[in-house]
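Computed from a predicted model, the values in this text were never measured in an experiment. Proteins get letters first, then strands, A, B, ... in listed order; numbering begins at 1 in each.
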Amino acid sequence: MGNNQSAVVIGGSHAAVQLVISLRQNGWQGSITVVSDEPYLPYQRPPLSKAYLAGDIAEEQLALRASAAYDKLDVSFLLGVTVLAIDTDNHRLRLDNGEYLGFSKLALCTGARARTLPIAGVDLQGVHYLRNMDDVKGIQQSAVSAKTAVIIGGGYIGLETAASLTKQGIAVTLLEAEPRLLQRVASQPTSDFYQRLHKENGVTIRCNAMASALMGDTRVKAVVCSDGDSIETDMVIIGIGVIPNTELASAAALEVDNGILVNEFAQSSHPDIVAAGDCTSHLNPLLRRTLRLESVPNATEQAKAAAASICGLQKQYAELPWFWSDQYDVKLQIAGMNQGYTDAIIRGDITSHSFSVFYIKDTVIIAADCINRPKDFMLAKKLILHNAQIDPVILADETTELKTLLTEH
Amino acid sequence: MPVINYIEANGTEYSIDIAEGVSLMQGALDNMIDGIVAECGGCCVCCTCHCMIDPAWVEVAGAAGAEEAEMLEMIDSRSETSRLSCQVKVTAAMEGMVVHLPESQY
Ligand SMILES: Cc1cc2nc3c(=O)[nH]c(=O)nc-3n(C[C@H](O)[C@H](O)[C@H](O)COP(=O)(O)OP(=O)(O)OC[C@H]3O[C@@H](n4cnc5c(N)ncnc54)[C@H](O)[C@@H]3O)c2cc1C
Ligand code: FES
């Protein structure tokens, strides 16, 4: 590993930060450059819809690392610079500032972008997506004078945004196209809970509601639904999912399938290119299938494998996926992936603000939604990793300590 | 800036200046101390920022909140003085505080 080697990372967020740190920890002696199209040093994304949007924490507190840390690591940043193309033949990148940047090893940490809503009026002032810092700054500006807001999309980001805006005294209406909230990711009991929680806090939730146009002259004034109904509003936030940023990889002839395809060592189909984070479709050895995840733990853990691969080492990325969401005073922690579950077992009182939903597939626990139940979450992770066979009756019985289920196995 | 002394399980010591108001977790991350993983970035949801406050400093560090205490209960390597380092914000009174890190965060 000579000193003339250069590692370049495209994207400067959760995956990129862990990757550059792990490179140095693994002894990478060459240069490290991070190219990011955002004008900020890496910051935490999860609080953007939570504590930061609610006004509970300041911008400085979002920094993923103090800037001095990058100096110590000898990592340089090109901020506000977009990579336009990867020239694999010449091992260099074409940048939008007219320059080229050579690399020996390349890491794609390009993440994902907000899915756009193809209806009229989305370009009006007061209409926002929520993916990055600038989006939130726009939302905060609109929120200063807004009394009402419509949120389009009842996934976690839409729901968190509803909670954060409600906290600021804005009357929120949330539109969900599906028959229930969180339809694609959670079971009925979890959906029902969030519907109730938001109602309790004054949010109007409309399921089976499709926005068909946004109206207004320069600023948005109303959302028209496909049933013809029109909802007056001062601002609109669209949260209908993300699209992985894979265009650079495709154009460079890397294999892409709903994400840049990588193996469990975060290696792409090109020997000098790795990828990590939201932009990847990766093989998860524990679940024995290919996944594309949108979570911080995924970005950081996969980045460790990617850094090892760059340094010629092997570190397998094989983790159980997990996720969390904060809304009002309710903390949801999700362990595992519930796809294909055959039964959902409730532990605790579903009419309260503290219960868990355990997802079972053929007698084995595969996932759990833990609502204000950190202990259940920590144990669920272990139970899932142990492929624990569980008697549903015992699982639902709160007088049995979950811990005993683990030891008996 | 208060100096905090982190001691890893293998005995490696780090003395680090951390600004008041910054968490012990962030201080460790900013200085590339391996013993803290912090998968969730300080949101009190992952338990991979576990530390043990040196017994002499327990009062200064303060007690865990209810949510944090529940998470701590599930950590196999916990001790009486365990805290989640993301929930401990550095204050002037912590000048010289000693914090021990576990062998593993998993
Ligand atoms: C509002 C919000 C709340 C969230 N809440 C949670 C949560 O509670 N828990 C959780 O685990 N996850 C959460 N997530 C998801 C989490 O933030 C992502 O999984 C994580 O940010 C992925 O990190 P990444 O580094 O892979 O990509 P990203 O964070 O998407 O970063 C990619 C970066 O690359 C840049 N980039 C892309 N292409 C180029 C190019 N050609 N040239 C230069 N730069 C480029 C992008 O602009 C971006 O800055 C949330 C996300 C959002 C938006
Ligand atoms: S960093 Fe996750 S709980 Fe402290």
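- B:Gln26 places a side-chain N or O within donor-acceptor distance of the main-chain N or O of A:Leu64, the cut-off being under 3.5 Å.
- The CE atom of B:Met32 lies 5.5 Å from the NZ atom of A:Lys72; values are rounded to the nearest 0.5 Å.
- For A:Gln25, the part sitting under 4.5 Å from any heavy atom of chain B is the side chain, from C-beta outward, and nothing else.
- If you tally non-hydrogen atom pairs under 4.5 Å between each of A:Asp326, A:Leu73, A:Leu379, A:Asn372 and chain B, the highest count goes to A:Leu73.
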Please lay out, stage by stage, how B:Glu39 and A:Glu301 fare under the test side chain to side chain contact (heavy atoms under 4.5 Å, CB included). CA-CA 8 Å; B:Glu39 280 190 30; A:Glu301 295 307 305; 3.9 Å; yes
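- There is no contact between B:Val22 and chain A, counting heavy-atom distances below 4.5 Å.
- Separation of atoms CG (B:Asn31) and CZ (A:Arg65) is listed at 10.5 Å; rounding is to 0.5 Å.
- In this structure, chain B has no heavy atom under 4.5 Å from any part of A:Ala51.
- Note on B:Cys47, B:Cys40, B:Ser23, B:Cys44: by heavy-atom pairs under 4.5 Å with chain A, the leading option is B:Cys40.
- Of the atoms belonging to B:Glu70, heavy atoms from both backbone and side chain fall under 4.5 Å from chain A.
- When each of A:Ser67, A:Ser295, A:Pro297 is checked for heavy-atom pairs under 4.5 Å with chain B, A:Pro297 comes out on top.
- Between A:Pro374 and the options B:Glu73, B:Glu68, B:Met71, a side-chain contact (heavy atoms from CB on, under 4.5 Å) holds for only B:Met71.
- Between A:Ala66 and B:Asp30, the shortest heavy-atom distance links the atoms N-OD1, 2.8 Å.
- A:Phe377 is not listed as a side-chain neighbour of B:Val45, based on a closest heavy-atom distance of 4.5 Å or more.
- Within 6.0 Å of the CD atom in A:Glu401, the count of heavy atoms belonging to other residues, nucleotides or ligands does not exceed 12.
- The shortest distance between side-chain heavy atoms of B:Cys46 and A:Trp324 does not fall below 4.5 Å.
- Per-residue counts of heavy-atom pairs under 4.5 Å with chain B were compared for A:Lys50, A:Met378, A:Lys381; the largest is that of A:Met378.
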